[in-house]
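Labels below follow one simple rule: chain letters A, B, ... track the order of the sequence lines, proteins then strands, and each chain is numbered from 1. All values below come from the heavy atoms of this structure, side chains included, with hydrogens, waters and symmetry mates left out.
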Protein chains: 2
Amino acid sequence: MALIVQKFGGSSVADADKVRNVARIVTETYRKGHSVVVVLSAQGDTTDELIEKARELNPKASKREMDMLLATGEQISIALCAMAIERMGYQAISLTGWQAGMLTDSAYSAARIKRIHTERIRKELDKRKIVLVAGFQGINKYDDVTTLGRGGSDTSAVALAASLHADLCQIYTDVDGVYTADPRHVTGARKIDEITFDEMLELASLGAQVLHNRSVEMAKRYGVNMEVLSSFSGHMGTKVKEVVKTMEKNHVSGIAKDKNVARLALVGLADQPGIAFKIFSLLARKDINVDIILQSIGRNESKDISFTVARGDGPEAKRILEEHQQSIGFQSVELNEEVAKVSIVGAGMVNNAGVACKMFEALFSAGININMISTSEIKVSVLVDERDADRAVQAIHDRFFNEFGSN
Amino acid sequence: MALIVQKFGGSSVADADKVRNVARIVTETYRKGHSVVVVLSAQGDTTDELIEKARELNPKASKREMDMLLATGEQISIALCAMAIERMGYQAISLTGWQAGMLTDSAYSAARIKRIHTERIRKELDKRKIVLVAGFQGINKYDDVTTLGRGGSDTSAVALAASLHADLCQIYTDVDGVYTADPRHVTGARKIDEITFDEMLELASLGAQVLHNRSVEMAKRYGVNMEVLSSFSGHMGTKVKEVVKTMEKNHVSGIAKDKNVARLALVGLADQPGIAFKIFSLLARKDINVDIILQSIGRNESKDISFTVARGDGPEAKRILEEHQQSIGFQSVELNEEVAKVSIVGAGMVNNAGVACKMFEALFSAGININMISTSEIKVSVLVDERDADRAVQAIHDRFFNEFGSN
């Protein structure tokens, strides 16, 4: 008899039929004798509709009031789902973020969970009730409602699973699990049965979009066993855990594409120490994160530095650098917004030097030019022109997954 | 510099323009130097839409979950209105029922306010913020969300005004105030400038529908000065207070009609003591309230009793009586659902025996038959056929208000 946290996203509770479907999944788990805590997002477009109402009245509404407004979306979901479960003859109780003891800091619209007072949830579980908790929301030390921002409901679910020492945290979504590449774009993409936290982190941050990084990081830190699965298909999903027990033949678990990238190139920098520090601290002060960095080897007392940022930050990064052209000392700065990052991820990679080589070979065979390269213990990323990105993913995927035993 | 509570109903916050209008009224009051606490209902049809969503999933949803669901409506209103006020350059803060310290009993969907912990509201007022409180809702001792049921937001406003010792509680609605009769149906109906709590209570319970009785009772008990006024017209409203200071010429302050009435007649009862007690305790046990009671004088050791109940209770009352026909001992029971109650209300009535007489005369002149009569210190009610009700109100109104100095 396990304690299981099940999280359902907005598309899984979008209308009455879908809410009934969630109630079916939840009660099936409960009927097997498990204790069940359910975390829900707001229904379908509710959040967008609320944001539109707010925008109409005040495009610069305070974040505190936005959180107050948006938190109603999840509250509606949990109450409706509790009713659907009651209808099926089971006892359910819905709890808002504050009722569930979800304490956060005071960063409205992007709050971090500080701790969870689980007494209330435990009390209701002890009464054999199915407990439904509003995701995405909490309460700060002033007793004000906060929301967790991006990936908030996944994070609520993992945090609850950690606090309650749950045996499993199931993230129900509209896809069957984590794939070796985006199945909507890549022929032959296959579902991964098991994946490590680290691999999932790389895949998520590289644009796989199934799980938000924040929730995976938290799951890794607290050792929460996660599973990503579909609320519609009933198929087995993908398990995310610290160590993957099954022997996996592949060194590469997945391939990801990220178009939210822009490249900046600083040309003609003086070849002296401290310049890189100056550049990146200027950007850090404006909260602009830098990803891949490439520095040319100095020649003739001059060098170039290029790096990538999130595409939305590109123009501002360029402006900041231009403002400081004199103090940094460079000839010109170029912004290229038509690039994409393609990455292969796999825990087995570090021990297999041939993996990167195979990736480059696949790209070469497809006639795709590589702009930049970045590697870590479990991934290799390349920057390519955006128009080549989909072809690049397919070529790499074919090379690693679709040739007989070649990996 | 006064402390003023302003309450706005659902039609006053139905869309963005109306929310902006509320923000204007509130900030105008604030600009005069007053402290302002605003109580809001859910926007327009929000509550009905939420009820429909619930009904689709579970027509017999638990009241606890219904309250959880419905409480989101007012939370949306206060957040949006706070944003509109911020937009105008003023500081505002929205508070849900629990944040405002609104403690209730645990009667979900019809909770009673037990006390209000006003610390948070006072703290925000001290910071010179405009405080917006979600009406209709509170929290019980289990930390669960409750709603106050019918007339809930008016009650929230009056309870806050009482707890905060506010100087005035303004109830903004879509009519200009309390009228001598329903202005939509009665020609010549006039707005009343001032009215006593007792008169207002009689008018409200008789179907005037401007203020809910519960809020007026509470205002009377705690001596809260109320004012009913329109959020659209900008006209002076009606003041409701303990003692009306202006000399009023009229003994009658208003005329009300109530169609939510059914009459039951028990024919052929034995003329012996204890029978009335037996009948009405049977009904009381099923929470059926009885209003006007008429007992015929016993003749030939047999008598009749007729009485009125809320129309929705009529069939059940009949069923209960029929079930007990033998133990009560009567020949037949008749249910008439096509009746209406018409009443005149006025604090001056008790000292003026001619008032009731004048009412009966007006009905006689209009050829309207009176089924039952009931009087109290400040009102006279008659039961008439429903088809005569509107004509009855008009005839009485003409007699008391539209004839030269005849009252």
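Taking CD of A:E56 as the reference point, atom CG of B:D15 lies at 8.0 Å (rounded to 0.5 Å). Summarising the geometry, atom CG belonging to A:L69 is positioned 8.5 Å from atom CD belonging to B:Q75; distances are rounded to the nearest 0.5 Å. Atom CG of B:D144 is separated from atom CD1 of A:I93 by 5.0 Å, given to the nearest 0.5 angstrom. With rounding to the nearest 0.5 Å, the separation of CD1 in A:I76 from CD1 in B:I76 is 5.0 Å.
Neither the backbone nor the side chain of B:D17 comes within contact range of chain A; no heavy atoms are under 4.5 Å apart. Neither the backbone nor the side chain of B:S77 comes within contact range of chain A; no heavy atom of the residue lies under 4.5 Å from a heavy atom of that chain. Heavy atoms closer than 4.5 Å to chain A are found in the backbone of B:A92, but not in its side chain. Of the atoms belonging to B:L70, not a single heavy atom falls under 4.5 Å from chain A. Using a 4.5 Å cut-off between heavy atoms, B:Q43 touches chain A through its side chain atoms alone. In this structure, chain B has no heavy atom under 4.5 Å from any part of A:L132. For a residue to count as touching a neighbouring chain, one of its non-hydrogen atoms must lie under 4.5 Å from one of that chain's; by this rule B:E86 touches chain A with backbone and side chain alike. With a 4.5 Å cut-off on non-hydrogen atoms, B:M66 touches chain A through its backbone and its side chain both.
The backbone N or O of A:Y142 lies less than 3.5 Å from a partner atom in the side chain of B:R120, making a donor-acceptor pair. A donor-acceptor pair is defined here as one N or O able to donate and one able to accept, closer than 3.5 Å; such a pair exists between the side chain of B:Q99 and the backbone of A:D143. With hydrogens and angles ignored, the 3.5 Å screen pairs no side-chain donor or acceptor of B:E65 with any backbone N or O of A:L80. Between the side chain of A:R64 and the backbone N or O of B:S94 there is at least one donor-acceptor pair closer than 3.5 Å.
Closest heavy-atom contact between A:L57 and B:A84: CD2-CB, 4.1 Å.
Remark: A:K127 NZ is packed, more than 12 non-hydrogen atoms of other residues, nucleotides or ligands lying under 6.0 Å away.
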